[in-house]
Structures are given as structure tokens and as C-alpha cells.
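Only one structure is covered here, and it is reproduced in the block below.
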Amino acid sequence: MLPTSNVTEFIFLGLSSKQEVQRVCFVVFLLMYTAIVLGNSLIVLTIKSSKSLRSPMYFFLSHLSFVEICYSSTTSPKLIVDLLVKKKTISLEGCITQLFFMHFFGGIEIYLLTVMAYDRYVAICKPLHYMTIMSQQMCGLLLGVSWMGGFLHSIAQILLMFRLPFCGPNVIDHYFCDLLPLLELACTDTYFIGQLIVVNGGSLSLISFGVLLTSYAVILVHLRGHSKEGRQKALSTCASHITVVVLLFGPCIFIYMRPSTTLSIDKMVALFYTVITPLLNPVIYSLRNAEVKNAMRKLWFRTLKQNEK
């Protein structure tokens with residue numbers, strides 16, 4: 001708990017103040033969160049149970065889907081419950097906890113997407129050495145680095161927030177605790193801390209996005225010498241990844257590269273990386289991937305046969 005703070009809880013304004021809109025949003029976001037959990041769980045279960053999905057790409061995809069469930073769960077359940085109550089509150093400790101896990105799982109997701117881009121680079125540009133480079137030990141190491149990177153990113157953000165005193169007001173024009181709204185409520189000069197947040201959060205998104213774009217530019221140049229069928233197969237795999245990258249990094253860069261102010265549109269933009277991207281991941285990766293669809297079909301038939309017995 002922040003020792004210099006008089007504030008013990010924060011009040012969210014939520015997505016809308018109209019009861020009719022909130023009831024509609026409750027149904028919509030409940031269905032979306034259910035789809036996030038079920039869709040990503042299906043991908044994890046399919047990859048774990050299928051012998052044909054043992055490559056490093058699917059190893060990382062299963063962990064990405066698991067992280068998506070955890071990431072969405074840091075904000076969506078609270079958002080859904082708050083849509084049914086008049087006063088939307090969260091304790092100071094709960095706010096800091098939500099902030100920690102949101103940036104923890106968000107950081108892991110960013111690192112995993114970068115690792116997946118590296119995996120595609122090796123698979124397409126160095127196919128003869130792919131299994132040697134992307135060995136089981138290397139995959140485990142890259143996964144561990146992703147989790148450690150997410151932890152260090154998040155703990156750095158929390159340490160910055162622990163230095164801030166909150167004396168009032170305590171109303172947050174958002175539906176979850178985030179850095180920029182909290183900076184505006186702090187009763188001290190937050191300019192320096194805001195710059196540190198840019199270095200830690202905004203730069204992480206921008207640099208990772210730059211690395212991803214560069215890796216795919218190299219892949220596209222390399223594909224010029226491949227056959228038309230080979231190019232189409234490689235581009236189909238990469239297109240799914242690029243779509244997820246744009247949906248996640250675009251909103252993150254928009255918000256976290258300007259820590260000194262908040263905009264009314266921030267709540268709508270935040271929905272992209274807290275709800276929309278985790279929702280679309282299973283659709284993007286399964287519908288554009290024949291191997292995943294076939295594995296899901298086999299899992300479905302196998303489950304039906306077991307139930308019949």
C-alpha cells in the first residue's frame with residue numbers, strides 16, 4: 001500500500017453512464033469474454049493433444065493463447081461486474097494489483113509475439129538449420145525470457161507508481177486502473193515519472209514493433225526467390241501474425257507514447273488490446289491455418305467417440 005496516500009479506493013466512470021447502454025454492454029462483453037476463454041482454451045487444448053502440432057510455432061502459439069486468457073481476465077471480469085452496479089469502485093491495493101498483472105501479461109504477450117516473428121524468420125530464411133536453431137532447449141529459454149521480461153517490465157511500472165501520493169480526487173475516467181489516469185490523480189509533479197513510463201512502456205511497444213516489421217521485411221525479401229506456392233504458404237502464416245501484431249501494438253503505441261495526458265478516446269482504444277485482440281486471436285490463427293483446423297476437427301470427433309462410449 002502507498003504509505004503517503006489518503007485515498008483508499010478509486011471510482012471508475014466506466015464505459016457509459018446510461019443504464020440502457022450498460023445493460024447492453026453487459027451482455028456483449030459477457031459473451032465476448034466467454035468467447036475469449038473458450039476460444040483460446042480450445043487452441044491450447046488442441047495443440048497439447050495433437051501430435052501433428054509439435055513444432056516451435058505451435059508451442060509458442062499455445063502459450064500466447066494461455067497468456068491472452070490471463071491478460072483479458074485482469075480487466076474483463078471487473079468490467080462486466082461493474083456494468084451491473086451503480087458505483088464502480090476498486091481498492092488502492094486492488095488497483096495496483098490489477099495494474100501489475102495487466103502489464104505483466106501484456107509484456108509477456110509482446111515478447112512472445114517478437115519470439116514468434118523470430119521463429120518465422122528462422123523457418124523461412126534458414127529452413128535447413130531450423131530444428132537445430134529452434135531446439136527444445138532454445139524454445140524453453142525464449143519462453144522463460146518472455147516471462148522474465150514481462151515481470152521486469154511490470155515491476156518497473158509498479159515501482160514508479162509506488163512513489164506517487166494520492167490525496168484526492170479519486171475518480172478515474174476509465175474502466176480499469178492504468179498508468180495515465182493514475183498519473184493525473186497523483187498530488188505531485190509526475191513529469192519525470194511520465195518520461196520513465198515512456199522509456200519502459202512506450203519504448204517497449206515501439207521498439208518491439210520496429211523489430212517485428214524489420215523481421216517481416218527481411219522475410220518478404222527472402223521470399224522473392226521461392227516458388228509461388230511456397231510464397232503463398234509462408235505469407236499465409238505470416239499474415240495471421242502480422243494482423244495480431246497490428247491490432248495489439250497500434251493501440252499500445254497510441255496510448256503509452258504520450259504519458260502526460262489522457263484522451264476521451266482512450267477507453268475505446270484500450271478495448272482493442274484488452275478485449276478485441278484476445279477475442280480475435282483464436283479466429284485469426286485457426287481459420288487461416290489448415291493444420292490447426294484439421295487438429296480441431298480430429299479433437300472434436302475423438303471427443304464425440306469417447307462420449308458415445
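Although no hydrogens or angles enter the test, the distance criterion places no donor-acceptor pair under 3.5 Å between the side chain of R120 and the main chain of Y216. Under a 3.5 Å cut-off, the side chain of T74 and the backbone N or O of Y71 do form a donor-acceptor pair. With S72 contributing its side chain and I69 its backbone, the two residues share no donor-acceptor pair below 3.5 Å.
Among residue pairs with one or both ends in residues 43-101, those qualifying as disulfide (SG to SG under 2.5 Å) are C95-C177; sequence neighbours excluded. Within the structure, the side chain to side chain donor-acceptor pair (under 3.5 Å) test picks out the following pairs touching residues 9-22 (sequence neighbours left out): Q22-K88. Residue pairs meeting the side chain to side chain donor-acceptor pair (under 3.5 Å) criterion with at least one member in residues 23-34, sequence neighbours excluded: Y33-S73. Residue pairs meeting the disulfide (SG to SG under 2.5 Å) criterion with at least one member in residues 97-132, sequence neighbours excluded, do not occur. Residues in residues 8-45 take part in no disulfide (SG to SG under 2.5 Å) pair, two or more places apart or across chains.
Within the 4.5 Å cutoff, the side chain of T89 has no heavy atoms near those of the F12 side chain. Under the 4.5 Å side-chain criterion, counting only non-hydrogen atoms from C-beta, I172 is not in contact with I11. Residues V67 and I108 have side chains in contact (heavy-atom distance under 4.5 Å, counting atoms from C-beta outward). Looking only at side-chain heavy atoms (C-beta outward), D178 and H103 come within less than 4.5 Å of each other. L15 has its side chain within reach of L79: a pair of non-hydrogen atoms, C-beta onward, lies under 4.5 Å apart. A heavy-atom distance below 4.5 Å is not found between the side chains of E93 and T8. At least one side-chain heavy atom of F60 sits under 4.5 Å from a side-chain heavy atom of M134. The closest side-chain heavy-atom distance from F10 to V171 is not below 4.5 Å.
The two residues M57 and Y130 come nearest to each other via the heavy atoms N-OH, 4.0 Å.
Cluster annotation: V81 is not connected to L30 through the hydrophobic network of ILVMFWY side chains, with a link wherever side-chain heavy atoms come within less than 4.5 Å.
By the side chain to side chain contact (heavy atoms under 4.5 Å, CB included) test, V28 is found to be paired with V24, M32, residues two or more places apart in sequence or in another chain being considered. S146 is linked by a side chain to side chain contact (heavy atoms under 4.5 Å, CB included) to Y111, L112, V115, counting only residues two or more places apart in sequence or in another chain. Remark: T75 pairs with no residue by the side-chain hydrogen bond (donor to acceptor under 3.5 Å, both in side chains) rule, at least two apart or across chains. Taking T97 as the reference, F101 meet the side chain to side chain contact (heavy atoms under 4.5 Å, CB included) condition, with sequence neighbours excluded. I133 pairs by the side chain to side chain contact (heavy atoms under 4.5 Å, CB included) definition with Y118, V122, K126, H129, not counting sequence neighbours. Not counting sequence neighbours, S154 has no partner by the side-chain hydrogen bond (donor to acceptor under 3.5 Å, both in side chains) test. For Y121, the side-chain hydrogen bond (donor to acceptor under 3.5 Å, both in side chains) criterion is met by no residue, not counting sequence neighbours.
Considering CG of D119 and OG1 of T114, their distance stands at 12.5 Å, rounded to 0.5 Å. Here the straight-line distance linking atom CG of L248 with atom CG of L212 works out to 9.5 Å at 0.5 Å rounding. To the nearest 0.5 Å, atoms CG (L182) and CG (L99) are separated by 6.5 Å.
Looking at L179, T188, L164 one by one, the single match for side-chain contact (heavy atoms from CB on, under 4.5 Å) with I193 turns out to be L164. With E68 as the fixed residue, the side-chain hydrogen bond (donor to acceptor under 3.5 Å, both in side chains) test singles out one of N281, T277, N40: N281.
In this structure, a donor-acceptor pair under 3.5 Å is present between the side chains of Y175 and T274.
The aromatic rings of F104 and F151 sit perpendicular to each other, their planes meeting at more than 60°, with 30° as the lower class boundary.
Within the 6.0 Å centre-distance limit, the rings of H174 and F176 are counted as a close aromatic pair.
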